[in-house]
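A short worksheet on the structure shown next.
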Protein chains: 2
Amino acid sequence: MTVISVHAPSHREALWELESAFERGDLITVFGRCTVSYAGRAASELGVGDRLLILKPDGAALVHTDEGRTPVNWQPPGSTHHAAVREGRLRVRSKRTNPAETLLVRFERVHQLSAMSVTGGRDLELHGSEEDLRTRVLERPELIAPGFEPVSTERETAAGPVDVFGVDDAGDPVVVELKRRRVGPDAVGQLARYVAAVRDELTGDGEFLADHEAATADDSVRGVLVAPSLTDRAADLLADRGFDHVALGPPADAGESVDALADDSDDSDDLDDSNTTAGSGSRPDESA
Amino acid sequence: MTVISVHAPSHREALWELESAFERGDLITVFGRCTVSYAGRAASELGVGDRLLILKPDGAALVHTDEGRTPVNWQPPGSTHHAAVREGRLRVRSKRTNPAETLLVRFERVHQLSAMSVTGGRDLELHGSEEDLRTRVLERPELIAPGFEPVSTERETAAGPVDVFGVDDAGDPVVVELKRRRVGPDAVGQLARYVAAVRDELTGDGEFLADHEAATADDSVRGVLVAPSLTDRAADLLADRGFDHVALGPPADAGESVDALADDSDDSDDLDDSNTTAGSGSRPDESA
DNA sequence: CGTGCCAGGTGCCTT
DNA sequence: AAGGCACTTGGCACG
C-alpha cells in the first residue's frame, strides 16, 4: 500500500503524477477547479467549480461535487483514461466505445492529486435481496398458498423467467413474482405477462384445444405477487387481473440489525464527534 | 478554497481532522484499510481492505474500491456522519432515518485523510433527455401521425401521467409514451395502462353508455410508443395491443458531438499520456 | 411524506 | 453483443 499526494501541483507536475499512477494501476483522486463536458448517449456541460475527480484502474471515472450520492458526471468501467496538458492546463479525457462516449475534464487549477495502490477484498456479503426472499418462499411454500408446491425457479417462458413456478393443492399452475420491497403497477404488469405466457404455453398457443380445455387452462393459471406491500394502484390492478398478493419481505428484517450498528453507543473511553447534516445545519454533536 | 491533507495520521489525529472538517462543511476523503458494515433496507458486510471513503457535507457517504462506478457501500444524502475513536481505532458511522439505515466504517489504518472546501456551480446542463424528445414531438407533431395534434402533456389519468395526449386527423384520442432509448416490454405495459385509463375515462368508467358508444370509444383510443427502437418482445406485445411505434429518439444525435470532444487530438505542443484499461492492461499510450 | 416515473441509470446473468 | 431484470437503485416532481 502506497499513497502519493501532491498539494497544489503545477499542471505539468499533475500530469506527471497521473502518468505514473496510470502505470502503477493506482486509484487516483484529483481535486481541483474545472469544467466538465460529456457527450455520448446524451450530452452535458458543467460550468467551472471545485470537483473531485476519481479515476479507477478499471477505467471508471467519477466527477463528484459536494452534493449527492450520484456523480455529476462519470464514465463506466472499461473506459480509457487519457491525460494531457493543453494550453498549460491539465486535461483528463475518458473515452469508451459501444456506446461511444467521451468525458472531458478541463482543469483550471489542481488543488490536490492523490494516487493510491489498493489491495484487499472487494466482495460484499449482502443479505436481504430478492434471492433471500426466494429462499424463504422455497423453505416455507405454504406462505404462498395452503397446498403450494414449488416446481422450479427462474422457469423460462416466452415473456421471460418466472421467479417461482409451482402448483397449488388443486394441481393448478401458479406463477409467483417476488419483490423485495413495496411495489407499484409495473410489477403487476410483469406478473401479468408471465401468467399470460404460461397460459398460452399450457393451452398450446395456437394449437387446437377443445373449448372447455382452453377455458380451464385460462382460468387455472394463478398469479401471486409476493411483496411487503403494494401501492393502491397496484392493488387495484392486481384485483382486476384476479391475482393474489402475499405480504412478505426478505427474511430477518434488516431493520433490527440496524440497532446492532447504531448501538455502537457509549461504553467506552474514547473521543467522538458527530456532524448533523439532515437537521439543523452542521452544528456538531448531539451524542455523548 | 482550502485543502487539508494528512498522510498516515494516527487515529486520534484523523478524528481531530474529521471533526474540524465536519464543522467547516468540507468534502472529505479518507483512504485507509477498513471493514464496512451496513444495515437498513438490506444488510451487508465487507471484509478488510483498502477503500476510499467520501463524506459529503450534505450527508452522503460513499465507500469506493478500485473497481466499479457504483460504490460498494454508501449512505444517501441527508444522513448524519459521526466519527469516533474506539479501541484506538477510527470509526465513521453514517446514519439516517426513514428508512432507518446505518453505515459503519471501521478503520484499521488511515493512509490519508483530506478535507476540501468546495465552491462553484453544481448545475449540469444536460441534453438528450426525454424532455428534449417531447419538445421535438411537440414541434413536429406530424412525426407521430399525419394529422396528429397535441392537446396536453403530462395529462393526468387514473394510471398516471400521459407524456403527450392529443387527437389524430379522425379526431380520435391518441396516447403517446416517450422513451429516449430502446425499450422492452415494460414500456408497452406502461402505454397499455395509460390507454386503458383514458379509454375508461372517456367511456364514463362505469356510467351507462350505449353499446356502440362504448365500442367506438374502445377502439378509438390509439396508443403510440415513441422510441428509437424496440426489442422483439416489445414489438410483439405492441402489435398484440394494436399500438403503433414511431422510431424517434432525442434530437441532435449526441453521438456526433462525441467527436467534438474526442477530436481533442493533436494540434498542440504539450505533453500527454494515456492509460488503456479495457484493452491490453495498463500499457501507456497509443496516441500522439 | 408517499406515488410514480425517468435515468447518460448500473450491474448481473443468460441467450 | 443483446435482452431481460434486480437494485440498499437515485433523483425529481407532484398530489
Side-chain angles (χ1 to χ4, degrees), chain A residues 38-44 60 67-78 96 98-103 124 126-131 133-134 154 156-157 159-163 177-187 190 193-194 229-234 250 254-255 258, chain B residues 38-44 60-61 63 67-79 96 98-103 124 126-134 154 156-157 159-163 177-187 190 193-194 229-234 250 254-255 258:
Chain A
Y38 153 76
R41 288 167 291 178
S44 73
E67 286 187 351
R69 200 213 76 135
T70 305
V72 63
N73 276 120
W74 70 89
Q75 203 67 269
R96 73 154 166 167
N98 211 287
E101 292 191 299
T102 301
L103 179 72
L124 188 74
L126 182 68
H127 307 283
S129 60
E130 182 182 300
E131 191 186 337
L133 178 54
R134 175 173 53 199
E154 304 298 320
E156 276 303 327
T157 72
V162 169
D163 283 341
E177 174 62 27
L178 306 173
K179 293 294 173 191
R180 70 176 301 280
R181 63 172 190 171
R182 182 176 177 84
V183 296
D186 51 333
Q190 194 182 345
R193 291 201 302 276
Y194 294 156
S229 59
L230 305 174
T231 65
D232 288 348
R233 275 181 192 167
V258 168
Chain B
Y38 154 77
R41 288 168 290 177
S44 74
V63 180
E67 285 187 353
R69 203 213 73 134
T70 305
V72 62
N73 276 120
W74 69 90
Q75 202 67 269
S79 308
R96 73 156 168 165
N98 205 276
E101 291 192 301
T102 301
L103 178 73
L124 188 73
L126 182 68
H127 307 282
S129 61
E130 182 182 300
E131 191 186 337
D132 292 311
L133 177 54
R134 175 174 53 200
E154 304 298 321
E156 276 303 328
T157 73
V162 169
D163 283 341
E177 174 61 27
L178 306 173
K179 293 294 172 191
R180 70 174 303 279
R181 59 170 195 173
R182 182 177 179 86
V183 296
D186 50 333
Q190 194 182 346
R193 290 201 303 276
Y194 294 157
S229 59
L230 305 173
T231 65
D232 288 349
R233 276 179 191 169
V258 168

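Computed from a predicted structure; not experimentally measured. Throughout, a chain's letter reflects where its sequence line sits, starting with A, and its residues are numbered from 1.
Taking atom CD on A:Glu101 and atom C1' on C:dA7, their separation rounds to 13 Å, with Å as the unit. As a whole-Å value, the separation of A:Asp232 CG from D:dG15 P is 17 Å. The distance between atom CD of B:Glu154 and atom C1' of D:dG15, rounded to the nearest whole Å, is 14 Å. Counting to the nearest Å, the P atom of C:dT3 and the OH atom of B:Tyr194 are 16 Å from each other. Between the CG atom of A:Leu103 and the C1' atom of C:dG9 there is a distance of 16 Å, given to the nearest Å. In this structure, B:Arg193 places its CZ atom 12 Å from C1' of C:dT3, rounding to the nearest Å. Atoms CD (A:Glu131) and P (C:dC12) sit 14 Å apart, rounded to a whole Å. Per the geometry, CG belonging to B:Asp186 stands 12 Å off C1' belonging to C:dC5, to the nearest Å.
Remark: the separation of the P atoms in D:dT8 and C:dC5 is 22 Å, to the nearest Å. Nucleotides D:dC7 and C:dA7, compared at atom P, are 22 Å apart to the nearest Å. For the P atoms, the distance from D:dG4 to C:dG8 is 22 Å, rounded to whole Å.
In this structure, A:Arg181 reaches the bases: a heavy-atom distance under 4.0 Å links it to at least one base atom across the strands shown. In this structure, B:Gly68 reaches the sugar-phosphate backbone alone: every heavy-atom distance under 4.0 Å involves primed, P, OP1 or OP2 atoms, never a base. When heavy atoms are screened at a 4.0 angstrom cut-off, A:Glu67 is found touching no nucleic acid atom at all. A:Arg134 comes within 4.0 angstrom of no nucleic acid atom, judged by non-hydrogen atoms across all strands. Looking at heavy-atom distances under 4.0 Å, B:Pro77 makes contact with sugar-phosphate atoms alone, never a base. B:Ala159 comes within 4.0 angstrom of sugar-phosphate atoms only, judged by non-hydrogen atoms across all strands, and of no base. Across all strands shown, B:Ser129 has heavy atoms under 4.0 Å from sugar-phosphate atoms exclusively, and none from any base.
With D:dG3, C:dG8, D:dG10 as the choices, the nucleotide that has an atom nearest any side-chain atom of A:Arg69 turns out to be D:dG10. Counting only heavy atoms from C-beta on, B:Lys179 has its side chain closest to C:dC6 among C:dG8, C:dC6, D:dT8. In this structure, the nucleotide among C:dT10, D:dC5, D:dA2 sitting nearest to the side chain of B:Thr70 is C:dT10. If you check C:dT3, D:dT9, D:dA2 against the side chain of A:Thr231, the one that comes closest is C:dT3. For B:Pro76, whose side chain is taken as the heavy atoms from C-beta onward, the closest listed nucleotide among D:dC7, D:dG10, D:dA2 is D:dG10. Comparing atom distances between the A:Leu126 side chain and each of C:dA7, C:dG4, D:dT8 picks out D:dT8 as nearest.
Applying the 4.0 Å criterion to OP1 and OP2 of D:dT9, one finds that A:Arg180 has a side-chain N or O inside that range. A close approach under 4.0 Å does not occur between any side-chain nitrogen or oxygen of A:Arg182 and OP1 or OP2 of C:dG4. Contact annotation: A:Trp74 does not reach the phosphate of C:dG9 (side-chain N/O to OP1 or OP2, under 4.0 Å).
Under the side-chain contact (heavy atoms from CB on, under 4.5 Å) test applied with A:Asp163, the options A:Glu154, A:Arg134, A:Lys179 reduce to a single match, A:Glu154.
Contact of the B:Arg69 side chain with the A:Pro71 side chain is registered, since non-hydrogen atoms from C-beta on lie closer than 4.5 Å. The closest side-chain heavy-atom distance from A:Asn73 to B:Leu124 is below 4.5 Å. For the pair A:Arg41 and B:Arg181, the minimum side-chain heavy-atom distance is 4.5 Å or more.
Checking A:Ser229 against A:Arg182 by side-chain atom types alone, a donor-acceptor pair falls below 3.5 Å.
The closest donor-acceptor contact from the side chain of A:Arg180 to the backbone of A:Gly128 lies under 3.5 Å.
At most 12 heavy atoms of other shown residues, nucleotides or ligands fall within 6.0 angstrom of atom CD in A:Glu131.
Between the side chain of A:Gln190 and the base of D:dG4, no donor-acceptor pair under 3.5 Å is found.
Residue order along DNA chain C, read from the 5' end via each residue's closest nucleotide, puts A:Gln75 first among A:Glu156 and A:Gln75. Map A:Glu130 and B:Val183 each onto its nearest nucleotide of DNA chain D; the residue landing nearer the 5' end is B:Val183. Summary of the strand contacts: B:Asn73 and A:Pro161 both lie near DNA chain D, and taking for each the nucleotide with the nearest heavy atom, the more 5' one is attributed to A:Pro161.
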